[in-house]
Amino acid sequence: MIRTSSPLVPRLNSLFDMSAESEALPATSPVLLPVALDQTYDYLARPGVDLAPGAFILVPFGPQTRIGVVWDRVVGFSDKPVNVKKLKMVVERIDVPPLPQLSMRFAEWIAKYTLSPLGMVLRMMMGAQAAFEPQKPRTGVRAAEGAHLPPRMTPARLKAMETAGDGLIRAKSALAAEAGVSSGVVDGLVQAGLLVEVLIPERSYRAPNPDFAATTFGEHQIPAVETLRAAVDGRNFSVTLLDGVTGSGKTEVYFEAVARTLAQGRQVVIMLPEIALTSQFMDRFTRRFGAAPVEWHSALSGPERGRIWRAAATGGARVVVGARSALFLPYENLGLIIVDEEHDPGFKQDDRVHYQARDMAVVRGNLGKIPVILASATPSIESHVNARTAKYRHIVLPGRFSGVEMPEVSAIDLRRHPPDRGRWLSPPLVQAMVEARGRGQQSLLYLNRRGYAPLTLCNKCGHRFECPQCTAWLVEHRFRKRLNCHHCGFMLPIPEKCPKCAEPDCMVACGPGIERIAEEVAERFPDARLALLSSDLIPGLIEMREMIHRIEKGEIDIIIGTQIVAKGHNFPDLNLVGIVDGDLGLGQADPRAAERSFQLMHQVTGRAGRALAKGRGFVQTHMPEHPVMQAIISGDRDAFIESEIRQRQLGMLPPYGRLAALIVTAREKDMAERYAREIARRAPAAERIEVLGPAEAPIFVVRGRFRWRLLVKAPRELDIQGYLRAWLAEMPEIKGDLRLSVDVDPYSFM
Ligand code: ADP
Ligand code: ZN
């Protein structure tokens with residue numbers, strides 16, 4: 001739901017203006033709550049409770065009490081005078097560091113830009129419930145000093161005392177588990193005075209040391225290192241685009257900026273897409289700085305998130321590495337932001353508050369007057385344009401540090417070299433895999449499609465298996481023996497007969513998913529060790545990291561994966577990369593489709609031959625003459641960028657024009673359509689702003705909700721938010737289960 005945000009008006013001051021009585025009025029504070037509202041509420045101060053701006057406090061809100069923040073100004077406008085008698089009183093202040101003023105300004109900026117209620121942005125910033133809960137002091141045990149073990153000890157007691165012999169403090173349960181004894185044994189030892197109970201200190205994070213291991217830079221890297229150091233030393237806002245092929249040393253180079261910032265005593269945040277898969281990154285960081293960075297991602301436990309939130313606010317977390325939400329931690333003294341793989345579409349969040357974290361990182365840098373580094377082997381067109389117009393500094397690292405050349409990429413024209421019937425790998429690709437195997441090298445096959453087959457049908461009546469709640473085919477997942485909808489999660493065990501014509505065993509799979517590729521590879525290479533990397537086949541972070549580790553160690557011969565294999569890994573034995581379907585993703589209605597295909601293919605093929613020998617890449621395609629394919633094969637990145645920039649310019653597409661999407665959904669088809677048409681009718685007329693639609697969304701139904709889309713196009717220099725705000729103010733009331741969401745700078749057009 002959208003509420004128009006209102007000008008920030010210092011309401012209390014104007015209402016109770018400096019008049020003589022004002023001194024008699026009780027003190028009030030504007031409080032922002034983490035809910036979908038765009039205003040602060042006034043609360044009466046409780047005598048003796050310090051309500052400095054930023055304080056987290058407990059307040060009554062409707063029938064509940066909730067945690068809010070004392071804001072440093074009133075947000076939202078109301079012309080009704082405040083009746084002080086009716087105001088409720090703050091319950092208490094919560095013992096947690098205050099929200100920094102910079103975070104408040106940042107939240108206001110995001111709310112205004114994304115047209116989200118300010119309270120929802122605050123909610124993102126409070127994304128660690130446990131930070132606000134009372135810190136229960138935890139007690140543990142350790143061996144009593146100077147205790148002499150009595151002569152007759154049971155074996156269990158002996159074991160526990162041996163474990164505790166290292167003098168460390170452990171929770172009772174942890175000691176029992178480690179020693180393999182019951183908790184009764186531990187209790188008994190406490191009673192006997194052999195173990196003592198002590199408070200467990202709150203976990204602290206080891207500080208990375210900027211001088212732990214110095215790097216010697218090559219002559220091509222030195223100018224980049226110097227530029228970045230100067231940016232940090234300048235203690236001012238700047239954006240640097242650090243551009244260079246995979247393996248050129250971008251990470252190594254930006255570590256110097258991290259070191260410089262640490263030496264200033266300031267904090268660093270490094271944002272990575274797919275933080276779950278970055279154990280290699282963590283190891284490298286530790287080798288360079290002698291301590292691991294603080295990791296922030298969704299797989300952490302609640303209490304751990306709480307600890308990190310606090311550590312960001314107190315400065316105890318020096319370097320945080322995380323996914324996009326790491327940007328919203330309440331850093332006490334942030335000095336540098338790095339966005340690695342800045343082109344990655346994973347930085348766009350598409351629920352609740354729709355924001356592009358890379359862009360917000362630049363905003364945060366500007367507000368905090370600190371440098372921002374954007375790193376990528378395939379920078380986004382937006383960043384290229386900003387570099388050309390000198391908004392960003394552009395540093396290019398030439399070639400790979402190892403000197404190993406980038407892989408030679410060739411297209412395999414599937415019209416000339418079709419795979420055998422029912423197979424998906426063309427003869428030239430298979431031949432190359434055989435040769436790589438002969439040399440003891442790894443191969444990787446990439447297909448961005450989970451499951452066994454994207455479409456399943458009955459070979460007798462032609463019945464197609466479709467999701468009952470979405471406009472989507474069900475995808476067969478053969479390993480898990482079911483049909484799955486990739487939009488809503490609906491699933492069906494694979495039926496024994498056709499639900500329509502009752503023919504038994506009639507299901508045929510159409511097209512390949514990665515499970516089907518794995519099946520073909522297993523048949524062709526029966527003694528090869530395969531790894532299948534797909535988010536739905538690997539249960540969690542730990543298993544995924546284990547698998548990556550096995551690949552690094554050379555315990556795997558052939559890797560078959562979806563886009564999770566494209567990111568950040570360095571597999572030393574990998575020499576051959578095959579893209580099974582290079583046409584996937586080309587020719588959509590999405591203005592960034594070509595760019596994204598180029599990036600993905602470049603990144604996947606860039607995995608080959610990083611360490612020792614020049615690798616090879618093959619792209620199977622039906623259209624080798626397509627410009628994206630030509631750019632990949634020729635390696636002529638600049639020509640591709642040039643042509644993309646021209647396309648964007650001609651079409652007034654980002655970054656030359658601005659886009660916003662309005663998405664209307666409802667369970668009832670007519671209701672969604674009527675509302676979408678009505679709002680289109682009310683679109684304010686404005687010169688040079690175009691409103692397209694409403695149109696049925698390409699995925700028309702998701703989870704039983706019908707979806708209509710409108711697209712607003714405006715020239716870059718126009719205030720598209722202002723336009724949208726004026727429009728939203730005129731919209732008919734949202735009734736029933738209608739939903740309207742606004743997506744400024746959309747990345748998804750589905
Ligand atoms: P990128 O981030 O551009 O992919 P990396 O920083 O990961 O590149 O560097 C690629 C490889 O080269 C890594 O193994 C890295 O440790 C090594 N490397 C890069 N620069 C240096 C250097 N100056 N000294 C030693 N090793 C380096
Ligand atoms: Zn579905």
Side-chain angles (χ1 to χ4, degrees), residues 213-226 228 241-259 270 272-273 278-289 321 338-344 373-379 395-407 450-451 454-455 464-475 477 482-492 552 566-572 574 599 602-612 615 665 667 697 699-707 750:
T215 309
T216 314
F217 287 97
E219 60 171 318
H220 296 303
Q221 296 173 324
I222 288 171
V225 170
E226 279 170 1
L228 292 184
L241 178 61
L242 182 58
D243 177 358
V245 297
T246 319
S248 58
K250 296 184 296 296
T251 314
E252 212 67 52
V253 166
Y254 73 60
F255 275 176
E256 290 317 294
V258 174
I270 304 176
L272 304 171
T278 48
S279 54
Q280 283 182 348
F281 180 91
M282 302 301 163
D283 294 345
R284 260 181 85 178
F285 186 96
T286 309
R287 282 199 300 274
R288 170 66 181 81
F289 294 101
V321 175
I338 295 167
V339 184
D340 203 347
E341 314 269 6
E342 67 91 27
H343 64 277
D344 197 285
I373 300 171
L374 309 178
S376 174
T378 51
I395 304 179
V396 182
L397 290 174
R400 282 177 161 175
F401 179 74
S402 61
V404 174
E405 282 173 66
M406 282 297 279
R450 293 180 283 136
L455 167 67
R464 296 168 167 213
F465 286 86
E466 225 177 319
C467 177
Q469 348 184 50
C470 304
T471 328
W473 308 125
L474 291 178
V475 177
H477 286 250
R482 62 194 195 198
L483 296 164
N484 239 157
C485 171
H486 284 179
H487 297 287
C488 71
F490 173 87
M491 60 186 167
L492 203 66
E552 280 164 40
K567 291 177 188 167
H569 316 296
N570 178 3
F571 300 138
L574 179 64
Q599 285 161 347
H602 184 93
Q603 298 244 291
V604 177
T605 53
R607 299 287 144 229
R610 278 189 72 171
L612 302 168
T665 71
R667 290 206 164 268
I699 305 176
F700 187 32
V701 193
V702 172
R703 292 172 202 272
R705 298 183 69 87
F706 291 85
R707 306 169 68 243
M750 298 311 278

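Only this structure's heavy atoms are used, side chains among them; waters, hydrogens and symmetry mates stay out. Whatever order the structure lists ligands and atoms in, that order sets their numbers, starting from 1.
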Student: In the structure I gave you, are the side-chain heavy atoms of His602 and Gln599 within less than 4.5 Å of one another anywhere?
Tutor: no

Student: If you count the atoms of ligand 1 from 1 in the order shown, which ones are under 4.0 Å from a heavy atom of Thr246?
Tutor: 4 (O)

Student: Below 4.0 Å, non-hydrogen atoms only: which portion of Thr216 touches ligand 1? Side chain, backbone, both or neither.
Tutor: backbone

Student: Restricting to ring pair (Phe, Tyr, Trp, His ring centres under 6.0 Å), what partner residues turn up for Phe706, sequence neighbours left out?
Tutor: Phe700

Student: Report, in ascending order of atom number, the atoms of ligand 1 lying under 4.0 Å from any heavy atom of Thr215.
Tutor: 22 (C), 23 (N), 24 (N)

Student: Under 3.5 Å, N or O to N or O, is Gly247 touching ligand 1 that way?
Tutor: yes

Student: Does ligand 1 have a heavy atom under 4.0 Å from the side chain of Thr251, from its backbone, from both, or from neither?
Tutor: both

Student: Go through the structure and list residues passing salt bridge (Lys or Arg N to Asp or Glu O under 4.0 Å) with Arg707, not counting sequence neighbours.
Tutor: none

Student: Under 4.0 Å from a heavy atom of Phe217: give me the atoms of ligand 1 that qualify, with their elements.
Tutor: 23 (N)

Student: Using modelled atom types and a 3.5 Å cut-off, is there a donor and acceptor pairing between side-chain atoms of Gln221 and backbone atoms of Gly218?
Tutor: yes

Student: How does Val245 reach ligand 1, if at all, at less than 4.0 Å between non-hydrogen atoms: by side chain, backbone, both, or neither?
Tutor: backbone

Student: Between Met282 and Thr286, which heavy-atom pair has the shortest distance, and what is it?
Tutor: O-OG1, 2.7 Å

Student: Got Val475 and Arg450 here, is their nearest side-chain heavy-atom distance under 4.5 Å?
Tutor: no

Student: Measure from atom 15 (C) of ligand 1 to every heavy atom in Glu252, Arg288, Gln221, Gln280 and give the option owning the shortest one.
Tutor: Glu252

Student: What protein atoms of element N, O or S are positioned under 2.8 Å from the Zn ion (ligand 2)?
Tutor: Cys467 SG, Cys470 SG, Cys485 SG, Cys488 SG

Student: What residues form a ring pair (Phe, Tyr, Trp, His ring centres under 6.0 Å) with Tyr254, not counting sequence neighbours?
Tutor: none

Student: Between Gln603 and Glu341, is there a side-chain heavy-atom distance shorter than 4.5 Å?
Tutor: yes

Student: Would you please say whether a donor-acceptor pair under 3.5 Å links the side chains of Ser376 and His343?
Tutor: yes

Student: Could you check which of Lys250, Arg284, His220 puts a non-hydrogen atom nearest to atom 7 (O) of ligand 1?
Tutor: Arg284

Student: Do Thr215 and Arg288 come close enough that some side-chain heavy atom pair is under 4.5 Å?
Tutor: yes

